[in-house]
Amino acid sequence: MPQSDGFHVKPTDCTDYDFLKIEPHWQSIWEQTRPFRAENGSTKPKYYVLDMFPYPSGAGLHIGHPEGYTATDILARYKRAKGFNVLHPIGWDAFGLPAEQHAVRTGTHPASNTQNNIKNFRRQIRALGFSYDWEREVDTTDPKYFRWTQWIFLQLFKKGLAYVDERPVWWCPELRTVLANEEVVDGKSEVGGFPVERKNLRQWVLRITAYAEQLIDGLKDVDWPDSTKRMQEAWIGRSEGAEVLFKLENAALGDLKIFTTRPDTLFGCTYMVLAPEHPLVPGLTTDAQREVVDAYRKATASKSDVDRMSDAAKEKTGVFTGSYAINPVNGARVPIWIADYVLMGYGTGAIMAVPAHDERDWDFAHLFNLPVQKVIAGGSGPNDWTATTARIVRVGGEVRKVDMRLALEGEMIDSDFLDGKTTSEARTAIIDWLEQNGRGKRRVNYKLRDWLFSRQRYWGEPFPIVWVSEADYARAATVRPELPKNPVTFVEGGGVQYALPLPEVALPLQLPDVQSYLPSGTGESPLANVPAWLEIWFNAETGEAVPASQAKPAGDAWLRGRRETNTMPQWAGSCWYYLRYLDPQNAETFAGKDALAYWGVPDLYVGGAEHAVLHLLYARFWHKVLFDLGAVPQAEPFKKLFHQGIILGEDGVKMSKTRGNVVNPDDIIRDYGADTLRLYLMFLGPLEAMKPWNPKGIEGVHRFLRKFWRECIGEDGKLNSRVSDSAALTADAEKLRHETIKKVGEDLDAMRFNTAISQMMIYVNALQKEPALPRIVLLEFAQMLAPFAPHFGEELWTRLGGTGSAMAAAWPMFDPAKLVADTMTIVFQVNGKHRGDAQVPVASSEADLIKIAQEHPKVAPHLAGKALKRTIYVKGKLLNLLVA
RNA sequence: GCCCGGGUGGCGGAAUGGUAGACGCAGGGGACUUAAAAUCCCCUUUUCGCAAGGAAGUGCGGGUUCGAGUCCCGCCCCGGGCACCA
């Protein structure tokens, strides 16, 4: 801590451990001396430790926040003591639905409610003594921040990674508004319980699928929990296969393109299935089938994803179109069905069905009496078969139980030129054949879908986009060389609208004030209700705008435009905030080159596993785009990731208001102090584990602090009389001292906070029994404790006469020579059973030990009258005597 | 259904293949005190035994090993994720 500021650091004057005095005292000192400032351009090595920044909800800090935040704070303080220039920032992910809902209810601007919540969060976080660099605080709703969120969007736009499309949203006719997924409960609106339906609206979509391969590849290079990597992999869902073209009997309709991962089973295809939404369906439907097909398509359309998903567990449905396709490999005529078990959004929305070797096709075929053609003879490996299951099938109203055991891998049969090959050989051979004959090709497919990136809400970043006519866009293009090659367009009201981005100089595009936060009623955001902002004369060169109701300003660059009314989702601001912390005041760029070069990306990122996929995938996507633009130097944003576990209520279930088991950090701080809370959160168990809160357990760590206080401070508030500069520890305590320094350091490096605390408790228990205490030993311990309990550590460090701050001192080193003892404990086993132990000189040989064991009163009886066959000696630990 | 993670005293948890239960909570006994609080000391896996001491024991069943909470195989239960992705 800098003493040069002229701020004289004094402890409090309390005699007891009065945390209510001590904690605010040190907090105010930290506020005035700002010791946690991270310095850009330091010569020290850097360490960047990042917390997932919170959404500042009205409920205040949840106990889960300080859990992860304490862990990172301990590491931040520890690394500073180890000589690192530490960047440990905090900010607010402050756009979001609750603030908007509050605004709708109260009519007040969401910004004011948001700022109040931030104030409360800031107060609570300060009360916990976290060593954040407050000069780097970011707020995603601050125009100075979201200017750069919009700027990054423009980079995506320019690269052709942003487009518009009609996508279904939840629409509630009664409320005349679009609802978020979480606002829909059981097919009804959460507010009012009105029915909701699907409605297509114009949406912004980000082409994250263009990065699917890189997003999988990058996982190799990061130190993340395996489960999180696997979740992302599964979410991206890469699969290799082939695209196959089937001719249609009605040649006028062209070819039917399908995707399959099992081209080897092409000879086993006995029917085709299209998603009900497939564009070829109307053309393929024969007059005789038109009625049932239309009815089925209508029924599917009215189903939500959720319905379709829950139906999946039930029976398959589908109808025949009346048309046939031709199998390119054998000319077989196969019927074309539609069924909602085929999804339009994956592959080509059409499949070849091979009921003999695919469980889903098997079910469908048995339900509708479609033929089954075996093409795999089965193999010998454990994964060559599906599990044998008895399936209930209905054949014309009759219910039957059928055994199913489908070969998945093995030897090809009844497949012409593939016969005799293994399935994996056949996959290669058939793709070669398809390519040579122009009937298909190798293809990789992903489950990952493009990212729906717009919301019909007020409280989000506005899109820096103005919709203009084709002619105006062409005019703008002459002065705006950066416009994408393929314009983003949308057909609306009979005309084609062109998306014209704001020039970067015109950012940020701010939210206009609105009369009401209620949605527009048409499905558009409340922004659609602000004509002066919405309908404008727009200067394509400068980005300036005047309301369209006014006269058109002079000059060629002025165009008639309508602003985009969608706003960005909450993910946007959190996609890049870790970069803004590097250089938060920079008005020229999102982060300066020097800051990016020095700080790079976080060395450690700690946050909940609930963000394993979405936030962490979206942020990686944006980062890779920035990397490809040369805007950031690394390809991956988060080198090392750690998930803290959830803290359950004392009843062992998730904390919730309705259960009344919520722990409020404010209450704990009032009753025990922030230092005790921090220590207890870390002592509860491994950071990554899910663990219940035990209100009684907190007493233990509180007693531990008080115990060490008493060792240092007497009842009069002065130094304890047992403390002196001339005292020395007993040999055992001296050894324990060095063991403790070693273990605490190792445990901190490995993020095992619970065992570090336990070791410190063992050490203090031993110090308590010492006849005299060297002052240096207590100083050293106060320093070791300071990352965990910073106010307490500083208070005692200062009272013990430490110079400066406990945090400014170099981290204690252990002396390996002090760890070696001259005796060791050897455990004696007879035939593997523990029978006794002995303290022996370190130099003892195996032969010495055997002799000691044979004379040992507890061991000898088990050896009596038996012959020693063999001994196993684990050096310094154990001697196992095998007798018979 | 598939993919992960986990099951250890009354409770939270600790144990590079080497003394299972560190540390803490709770409980019992004692010291100090007029008393209480605070603090300190002792006990506290189960079971047999007056004791000394013995036996069993890390979800269940097998296995590898001189030795398994830890490694392998097969189950059961709990938690999380995905879920007709062809």
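Quick note on labels: first sequence line is chain A, next is B, and so on, each numbered from 1. The structure displayed is predicted, hence computed values, not measured ones.
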Quickly work out the [X] [atom1] to [N] [atom2] distance and round it to whole Å.
{"X": "A/Arg706", "N": "B/rA37", "atom1": "CZ", "atom2": "C1'", "result": "10 Å"}
{"X": "A/Glu610", "N": "B/rG79", "atom1": "CD", "atom2": "C1'", "result": "15 Å"}
{"X": "A/Phe704", "N": "B/rU39", "atom1": "CZ", "atom2": "C1'", "result": "17 Å"}
{"X": "A/Ile850", "N": "B/rC66", "atom1": "CD1", "atom2": "P", "result": "17 Å"}
{"X": "A/Ile338", "N": "B/rA86", "atom1": "CD1", "atom2": "C1'", "result": "17 Å"}
{"X": "A/Arg835", "N": "B/rG67", "atom1": "CZ", "atom2": "P", "result": "14 Å"}
{"X": "A/Leu617", "N": "B/rG81", "atom1": "CG", "atom2": "P", "result": "17 Å"}
{"X": "A/Leu767", "N": "B/rC40", "atom1": "CG", "atom2": "C1'", "result": "16 Å"}

Counting only Watson-Crick pairs (N1-N3 plus N6-O4 or O6-N4) and G-U wobbles (N1-O2, O6-N3), all under 3.5 Å, who is the partner of [N]?
{"N": "B/rA55", "answer": "B/rU46"}
{"N": "B/rG5", "answer": "B/rC78"}
{"N": "B/rG67", "answer": "none"}
{"N": "B/rG12", "answer": "B/rC23"}
{"N": "B/rU39", "answer": "B/rA31"}

Item checked: Nearest-neighbour nucleotide for the A/Gln768 side chain, B/rA86, B/rU39, B/rC84 considered -> B/rU39

Next item on the list: Go through B/rC82, B/rC4, B/rA86 for me and flag the one nearest to the A/Trp235 side chain.
Entry: B/rC82

Next item on the list: Mark up nucleotides 13-31 of chain B, 5' to 3', with B wherever a protein heavy atom is under 4.0 angstrom from a base atom, S wherever such an atom reaches only the sugar-phosphate, and - elsewhere.
Entry: SS-B-BB--BBSSS-----

Check: When the ring centroid of A/Phe364 is compared with that of A/Trp337, is the distance short of 6.0 Å?
Finding: yes

For atom [atom1], what is the distance between [N] and [M], given to the nearest Å?
{"N": "B/rG59", "M": "B/rC25", "atom1": "P", "result": "26 Å"}
{"N": "B/rG6", "M": "B/rG10", "atom1": "P", "result": "23 Å"}
{"N": "B/rC72", "M": "B/rU64", "atom1": "P", "result": "15 Å"}
{"N": "B/rG79", "M": "B/rG24", "atom1": "P", "result": "32 Å"}
{"N": "B/rG5", "M": "B/rA56", "atom1": "C1'", "result": "30 Å"}
{"N": "B/rU16", "M": "B/rG69", "atom1": "P", "result": "13 Å"}
{"N": "B/rA68", "M": "B/rC32", "atom1": "P", "result": "49 Å"}
{"N": "B/rC48", "M": "B/rG62", "atom1": "P", "result": "25 Å"}

Just list the side-chain donor-acceptor pairs under 3.5 Å for residues 677-701 of chain A, sequence neighbours left out, or say none.
{"residue": "A/Arg678", "atom": "NE", "partner": "A/Phe788", "partner atom": "O", "Å": "2.8"}
{"residue": "A/Arg678", "atom": "NH1", "partner": "A/Asp73", "partner atom": "OD2", "Å": "3.0"}
{"residue": "A/Arg678", "atom": "NH1", "partner": "A/Leu128", "partner atom": "O", "Å": "3.0"}
{"residue": "A/Arg678", "atom": "NH1", "partner": "A/Gly129", "partner atom": "O", "Å": "3.3"}
{"residue": "A/Arg678", "atom": "NH2", "partner": "A/Asp73", "partner atom": "OD2", "Å": "2.8"}
{"residue": "A/Arg678", "atom": "NH2", "partner": "A/Pro787", "partner atom": "O", "Å": "2.8"}
{"residue": "A/Tyr680", "atom": "OH", "partner": "A/Asn694", "partner atom": "O", "Å": "2.9"}
{"residue": "A/Lys691", "atom": "NZ", "partner": "A/Glu67", "partner atom": "OE2", "Å": "2.7"}
{"residue": "A/Lys691", "atom": "NZ", "partner": "A/Pro686", "partner atom": "O", "Å": "2.8"}
{"residue": "A/Lys691", "atom": "NZ", "partner": "A/Leu687", "partner atom": "O", "Å": "3.1"}
{"residue": "A/Lys691", "atom": "NZ", "partner": "A/Ala689", "partner atom": "O", "Å": "2.9"}
{"residue": "A/Asn694", "atom": "OD1", "partner": "A/Lys696", "partner atom": "N", "Å": "2.9"}
{"residue": "A/Glu699", "atom": "OE2", "partner": "A/Tyr672", "partner atom": "OH", "Å": "3.2"}

Note to self: A quick test of your reading: do over 12 heavy atoms of other residues, nucleotides or ligands sit less than 6.0 Å from NZ of A/Lys229?
What the structure shows: yes

Notebook entry, point to check: Does a nitrogen or oxygen in the side chain of A/Lys769 sit under 4.0 Å from OP1 or OP2 of B/rC41?
Noted result: yes

Note to self: Taking only side-chain N and O atoms of A/Arg230, does any of them lie within less than 4.0 angstrom of OP1 or OP2 on B/rC4?
What the structure shows: no

Got [X] and [Y] here, is their nearest side-chain heavy-atom distance under 4.5 Å?
{"X": "A/Leu256", "Y": "A/Leu274", "answer": "yes"}
{"X": "A/Leu881", "Y": "A/Gln829", "answer": "no"}
{"X": "A/His278", "Y": "A/Val281", "answer": "yes"}

Checklist line | Basic-acidic side-chain contact under 4.0 Å: A/Asp16, A/Arg706 | finding: no

Check: Are A/Arg262 and A/Asp358 ion-paired here, with the side-chain N under 4.0 Å from a carboxylate O?
Finding: no

Note to self: I want to confirm an ordering. Mapping A/Ala234 and A/Gly345 to their closest nucleotides on RNA chain B, which one lands closer to the 5' end?
What the structure shows: A/Ala234

Next item on the list: Enumerate the residue pairs fulfilling salt bridge (charged side-chain N to carboxylate O under 4.0 Å, His left out) with a member in residues 749-760 of chain A, sequence neighbours excluded, ordered by first and then second residue.
Entry: A/Asp747-A/Arg752

Reckon [X] touches a base, only the sugar-phosphate, or nothing at all at heavy-atom distances under 4.0 Å?
{"X": "A/His862", "answer": "sugar-phosphate"}
{"X": "A/Thr871", "answer": "nothing"}
{"X": "A/Lys833", "answer": "sugar-phosphate"}

Item checked: For B/rG63, glycosidic torsion class - syn if within 90° of 0, otherwise anti -> anti

